[in-house]
There are 2 protein chains.
Amino acid sequence: MNQKILIVEDEPKLAQLLADYLTQSNFSPVIIDNGLQVTDWVKTNRPALILLDLMLPGKDGMTLCKEVRQFSQVPIIMVTARVEEIDRLLGLELGADDYICKPFSPREVLARVKAVLRRTQPDSRASNDGVVLDEDRYKASINGKELPLTAVEFHLLKILHADPGRIYSREQLMNHIYSDHRIVSDRTIDSHIKKLRKKIADISPDAEIIHSVYGVGYKFELC
Amino acid sequence: MNQKILIVEDEPKLAQLLADYLTQSNFSPVIIDNGLQVTDWVKTNRPALILLDLMLPGKDGMTLCKEVRQFSQVPIIMVTARVEEIDRLLGLELGADDYICKPFSPREVLARVKAVLRRTQPDSRASNDGVVLDEDRYKASINGKELPLTAVEFHLLKILHADPGRIYSREQLMNHIYSDHRIVSDRTIDSHIKKLRKKIADISPDAEIIHSVYGVGYKFELC
DNA sequence: GGCAACTTCCTCAAAATTTACACAATTGCG
DNA sequence: CGCAATTGTGTAAATTTTGAGGAAGTTGCC
């Protein structure tokens, strides 16, 4: 195993207890004790799961959950002090994957962590990147938010998204988009990429999904 | 009635029992016994409601629920064997409209299905778009007002209306209209669309029902 | 045959999108 | 750091696509 688990918890003893339990089960826990560093850390470190306390100094768990969901589908388990809280959270549709009430036994937490990972990992990245493309409707969405695209933009995103991480040269992209082997300038692709990025940024500012690779081309990738 | 209900359930006897009960109440149930085909099927067949088992081969119900919610608001009832509260909460959080615990009486299921449909249909425009097509008589109407159409126009409207939101290319429309693979100019389709729009505007000036999608084709959609 | 309704096509203008271009910003590398 | 290559961006031109008004061709019917 040895998957990274981020524990966001300001009570040091509790955090350490959780971390110890997770370590015993061959996870690699990391503790952050305030809300401010979370999103940045998640972006660079891509944990397999986040245990997120609701009450935090800096930024509260709800805000964080929403923020993280802007750019990532990483499983999140929310930790709350009171049972009543859960109903309220459910209503808000924050996108958390599970909820745990304090006081909890570390054993229980471990069970939940494993359950959530089991649930989310089998088919994770492939279709769980938050990007949905409906070819019949030419409708695209990111994390449920609608992304209005023109035909070329839709095709571009479709190609890149079909194989995340794979880098396509501008020429390859053009060949995929135009069945006739029309030749257009490389800047043209850049231009479409620009518009695509702009539209994505408009609805989901933190989702950096389309990356350029110097001297090679473009790729789709979370983070 | 005769609305399509999708049953996603891997236990054949149980699935058949549900299907029988639904049929008796004039629904049209369809059974899928594994998670992998679900999203595709839903996209093409647009059922009125989904009964979704939590435990499935292929993909589990929760993942499916999330996936379907990415592109559709179709009512979903989650069926679970585990009574524990947490599963219910999870199911609800994912955007399910109701949940049922096994073992259940088919009568109970039927009641839930009807209740959910009652709740969700008033504002589901699938059947509430005011468009009525009588194929036997080639008679069409919008909001009760008669719409006199020629054969080609009627076919066009029928195709587009059958799957609101889906975009059809001119070629697809031609192929649907002409069983012989006659080739007519793209402008021909435009011409029929123009006339269809005019006739619709004549009886219902505010109904912008047929939309063109630049570079792709035409679609039917309210608003 | 002649009429009326329908279908198909044509042309031109308007609308939307795509492409190009020039220049700015960034990156890789010594 | 500084240079060369590559990528990003604002803007405007070029192209493609669509809409509207017929005209011409078909079909069915009296």
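Letters A, B, ... mirror the listed sequences (proteins, then strands); counts begin at 1.
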When only distance counts, do a donor and an acceptor, one from the side chain of [X] and one from the base of [N], lie under 3.5 Å apart?
| X | N | value |
| --- | --- | --- |
| A:Tyr214 | C:dT26 | no |
| A:Lys195 | C:dT18 | no |
| A:Ser185 | C:dC21 | no |
| A:Lys194 | D:dG10 | yes |
| A:Arg187 | D:dG8 | yes |

What is the distance, rounded to the nearest whole Å, between atom [atom1] of [X] and atom [atom2] of [N]?
| X | N | atom1 | atom2 | answer |
| --- | --- | --- | --- | --- |
| A:Leu173 | D:dT7 | CG | P | 12 Å |
| B:Arg197 | D:dG19 | CZ | P | 4 Å |
| A:His211 | D:dG8 | NE2 | P | 12 Å |

Checklist entry - Considering heavy-atom distances to DNA chain D, does A:Val213 or B:Val213 have its closest nucleotide positioned more toward the 5' end? => result A:Val213
Checklist entry - Between B:Tyr218 and D:dG19, is there a side-chain N or O to OP1/OP2 distance below 4.0 Å? => result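 Yes, within the criterion.
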Item to check | A:Asp163-A:Tyr168 side chain donor-acceptor pair, cut-off 3.5 Å | outcome: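 No pair is found: no donor N or O on one side chain lies under 3.5 Å from an acceptor on the other.
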Item to check | Closest approach of B:Lys59 to B:Leu64 (non-hydrogen atoms, all atoms of both residues) | outcome: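 Heavy atoms only, the tightest pair is O-CD1, 3.9 Å.
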Checklist entry - Going by heavy atoms in the side chains, are B:Ile210 and B:His161 under 4.5 Å from each other? => result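 B:Ile210 does not reach B:His161 side chain to side chain.
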Next on the checklist: Closer than 3.5 angstrom, by distance alone: can the side chain of A:Arg69 be matched with the main-chain N or O of A:Val74 as a donor-acceptor pair?
Outcome noted: yes
